Amino acid sequence: MSKPSLARGTRDFAPAVMAKRNFILQTIRNVFRKFGFLPLETPAMENLSVLMGKYGDEGDQLLFKILNSGDFAKDIIQNDLEKGSKQILPKISEKGLRYDLTVPFARFVAMNRHDLAFPFKRSQIQPVWRADRPQKGRYREFYQCDADVVGTDSLLCEAEIILMLNEVFENLGIKNFQIKINNRKILSGIAEIIGANGRESELCVAIDKLDKIGREKVEEELLQHHFTSGNIEALQKLFDIPENPEACLSYLENWLNSSEIGSKGIAELEEVFELVSQFGLEKSNIQIDPTLARGLSYYTGAIFEVKALDVAIGSISGGGRYDNLTGIFGLPDVSGVGISLGVDRIFDVMEELSLFPAESLENTRILLVNFDSDSQKACLPILKSLRDNGIAAELFPEQAKMKKQFDYANKKGIPYVLILGSNEIKSGVYGLKNMESGTQENLTIQEIIKTLC
RNA sequence: GAGGUUGUAGCUCAGUUGGUUAGAGCACUGGUUUGUGGUGCCGGGGGUCGUGGGUUCGAGCCCCAUCAGCCUCCCCA
């Protein structure tokens with residue numbers, strides 16, 4: 001017998017946790033559906049030809065590869081062993097676990113281009129796997145929760161995503177959050193203006209850490225990446241940007257007016273902001289943040305990030321616009337914009353702030369005590385009628401001691417117990433015990449159903 | 001990939017300068033008028049001290065290796 005253990009970086013979700021996770025996922029699903037994003041699921045495993053080369057060299061290392069079935073080593077020859085794992089891999093593995101939801105989505109769009117209604121809006125909530133080293137808040141199996149719209153570059157989509165994010169967090173009960181928006185074109189413009197044209201991705205990686213490591217460390221990092229002191233001096237204007245959105249936009253216009261791409265980014269951001277306000281959305285928790293960069297290199301337009309303000313945790317959602325999502329699969333010029341919600345982090349935030357509503361617990365509401373064979377028999381029609389009325393009910397499946405049955409109800413957090421022995425069967429009036437208060441009432445079935453509904 | 005830290009009961013952890021049969025709390029289980037739990041009282045089961053070597057008369061404790069968890073950096077969600 002071997003000791004039971006979990007595979008590294010994986011978790012069980014016990015029923016009590018699942019109830020809470022389902023509340024989050026269901027809330028998100030409902031909002032996605034309301035905005036016209038319909039669910040898509042793709043397989044856990046994809047051909048390695050789909051996955052490899054999409055996430056950089058490091059990404060390929062982090063892919064979980066699946067060994068071929070049967071005699072997976074049959075094609076290996078001595079020469080392969082000498083050349084090492086790179087030579088052997090394609091001979092022993094042709095499939096891998098998906099690393100994110102974006103690449104499988106791109107594959108799906110490219111494969112089904114003739115059947116889909118464009119612009120195509122999809123939501124996708126599934127686990128992904130990474131052979132990363134686990135640490136706090138990072139797992140080898142975790143859920144991604146994405147919504148994207150592809151096949152249009154309308155800025156209405158950006159505005160709708162902001163609206164949607166707003167609704168998700170409001171419905172979850174997270175009141176104090178901030179949606180930050182920026183535009184990659186503005187960052188490109190900044191790179192241009194400070195004389196570091198074409199180096200915006202390095203610039204982004206550094207700037208993205210601003211609120212984490214501070215201004216001086218960012219400057220240090222830029223120097224290490226061979227930005228000149230002239231570059232950095234020209235960048236100083238970035239640190240004095242006003243917070244007020246209108247003031248911020250005109251400050252940027254002034255700073256970047258000689259950069260075509262920068263001006264375009266400002267115009268886009270302005271339009272998104274304008275659209276959001278036309279939706280009538282209270283703008284207090286939307287902030288323009290020109291230092292928001294996000295590490296991912298494929299963003300080309302708007303960038304979003306959501307932070308929970310009452311909890312010391314990173315962002316709980318992020319996303320942006322990307323061009324040419326499906327180009328690698330032979331379908332060029334498809335622009336899209338999407339958002340990804342961090343379910344695990346949202347869970348932590350809600351747990352810390354005690355935001356899970358009691359009714360989200362999905363629990364059995366009443367346990368019928370099983371005394372003896374007569375009592376068990378009398379319970380069956382009652383059980384059915386409770387369930388027919390939508391009440392989650394269960395009968396203890398054995399004729400056990402009351403203590404044992406009460407302990408069961410307590411442990412499972414079942415709020416009511418129905419006591420039904422020979423006396424009750426005769427009278428047709430049953431003992432409904434409230435497990436929290438300890439009080440007990442004698443009621444008919446109809447009265448019990450009424451109480452529990 | 002680099003660094004740090006911790007592995008003792010199902011869980012959280014004590015365990016002295018190395019010295020008899022390794023402890024506690026919680027959990028589990030039985031009893032406490034066999035139709036009333038969660039807060040009482042009494043009892044019980046459960047550990048080759050992560051694994052493999054080494055030092056020693058003697059190792060949970062010291063040394064080496066290895067595996068695993070946790071944390072930081074890189075990167076990411």
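Chain letters run A, B, ... following the sequence lines, proteins first and then strands; every chain starts at 1. As the structure is a prediction and not an experimental result, all values here were calculated from the model.
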Peer 1: For a quick test of reading the model, state the closest non-hydrogen atom pair linking A:Asn171 to A:Val31 and the distance between them.
Peer 2: ND2-CG2, 3.5 Å
Peer 1: Quick one: the side chain of A:Lys433 and the base of B:U36, do they pair up donor-acceptor inside 3.5 Å?
Peer 2: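 Present.
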Peer 1: B:U51 pairs with which nucleotide, Watson-Crick or G-U wobble, both distances below 3.5 Å?
Peer 2: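 Answer to the pairing question: B:A65, which forms a Watson-Crick or G-U pair with B:U51.
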Peer 1: Using only side-chain N and O atoms of A:Gln135, determine if any of them is under 4.0 Å from OP1 or OP2 of B:U72.
Peer 2: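 Yes, within the criterion.
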Peer 1: From B:C75, B:G37, B:G31, pick the nucleotide closest to the side chain of A:Arg138?
Peer 2: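 Shortest atom-to-atom distance from the side chain points to B:C75.
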Peer 1: Using a heavy-atom cut-off of under 4.0 Å over every strand shown, decide if A:Ser422 touches base, sugar-phosphate, or nothing.
Peer 2: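 Touches a base.
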Peer 1: Base, sugar-phosphate alone, or nothing: which one does A:Tyr408 contact when heavy atoms must sit under 4.0 Å apart?
Peer 2: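 No contact.
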Peer 1: Remember a base hit wins even if backbone is also touched, and classify A:Asp407 as base, sugar-phosphate or nothing at under 4.0 Å, heavy atoms.
Peer 2: sugar-phosphate
Peer 1: Let me know the distance between CG of A:Asp132 and C1' of B:C73, rounded to the nearest Å.
Peer 2: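 It is 13 Å, rounded to the nearest whole Å.
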Peer 1: With sequence neighbours excluded, give me every ring pair (Phe, Tyr, Trp, His ring centres under 6.0 Å) pair touching residues 420-440 of chain A.
Peer 2: none
Peer 1: What about the rings of A:Phe108 and A:Phe329, do their centers lie closer together than 6.0 Å?
Peer 2: no
Peer 1: For the side chain of A:Met402, starting at C-beta, report the closest nucleotide among B:U36, B:G37, B:A77.
Peer 2: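 The answer is B:U36, which lies nearest to the side chain.
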Peer 1: Could you tell me which non-hydrogen atom of A:Gly301 sits nearest to which non-hydrogen atom of A:Lys185, and how far apart they are?
Peer 2: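 Looks like CA-NZ, 4.2 Å.
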Peer 1: A:Lys403 has an atom NZ; how far is it from atom C1' of B:C28, in whole Å?
Peer 2: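 It is 11 Å, rounded to the nearest whole Å.
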Peer 1: Check A:Asp60 against A:Lys65 and note the closest heavy-atom contact, atom names and distance.
Peer 2: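 Looks like O-NZ, 2.7 Å.
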Peer 1: At under 4.0 Å, does any side-chain N or O of A:Lys412 touch on OP1 or OP2 of B:G38?
Peer 2: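 Indeed not, no polar side-chain atom of A:Lys412 lies that close.
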Peer 1: Do any pairs count as a ring pair (Phe, Tyr, Trp, His ring centres under 6.0 Å) and have a residue in residues 170-191 of chain A, sequence neighbours left out, and if so which ones?
Peer 2: A:Phe169-A:Phe177
Peer 1: So, is A:Lys401 near the phosphate of B:G31, with a side-chain N or O under 4.0 Å from OP1 or OP2?
Peer 2: yes
Peer 1: Could you tell me the separation between the NZ atom of A:Lys411 and the C1' atom of B:A27, rounded to a whole number of Å?
Peer 2: 7 Å
Peer 1: Remember a base hit wins even if backbone is also touched, and classify A:Arg8 as base, sugar-phosphate or nothing at under 4.0 Å, heavy atoms.
Peer 2: sugar-phosphate
Peer 1: Applying a 4.0 Å non-hydrogen cut-off, can you work out what A:Asp344 is touching in the nucleic acid: base, sugar-phosphate, or nothing?
Peer 2: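 Result for A:Asp344 = nothing.
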Peer 1: Please classify the nucleic acid contact of A:Glu424 as base, sugar-phosphate, or nothing, using heavy-atom distances under 4.0 Å.
Peer 2: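 Answer is base: heavy atoms of A:Glu424 come under 4.0 Å of a base.
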Peer 1: NA contact type, A:Glu436, heavy-atom cut-off 4.0 Å: base, sugar-phosphate, or nothing?
Peer 2: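 Base, at least one base atom sits under 4.0 Å.
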Peer 1: Could you tell me whether A:Gly438 contacts a base, only the sugar-phosphate backbone, or nothing, with contacts defined as non-hydrogen atoms closer than 4.0 Å?
Peer 2: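 If one applies the 4.0 Å heavy-atom cut-off, A:Gly438 turns out to touch a base.
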Peer 1: Nearest whole Å is fine: how far is B:G38 P from A:Tyr416 OH?
Peer 2: 20 Å
Peer 1: So which nucleotide from B:G35, B:C71, B:G37 ends up closest to the side chain of A:Arg133?
Peer 2: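 Nearest nucleotide to the side chain: B:C71.
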Peer 1: Report which part of the nucleic acid A:Leu62 touches: base, sugar-phosphate, or nothing (heavy-atom distance under 4.0 Å, all strands).
Peer 2: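 No contact at all - A:Leu62 keeps every heavy atom at 4.0 Å or more from the nucleic acid.
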Peer 1: Ignoring hydrogens and angles, does a donor from either the side chain of A:Gln440 or the base of B:U36 sit under 3.5 Å from an acceptor on the other?
Peer 2: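 In this structure, the two groups form a donor-acceptor pair.
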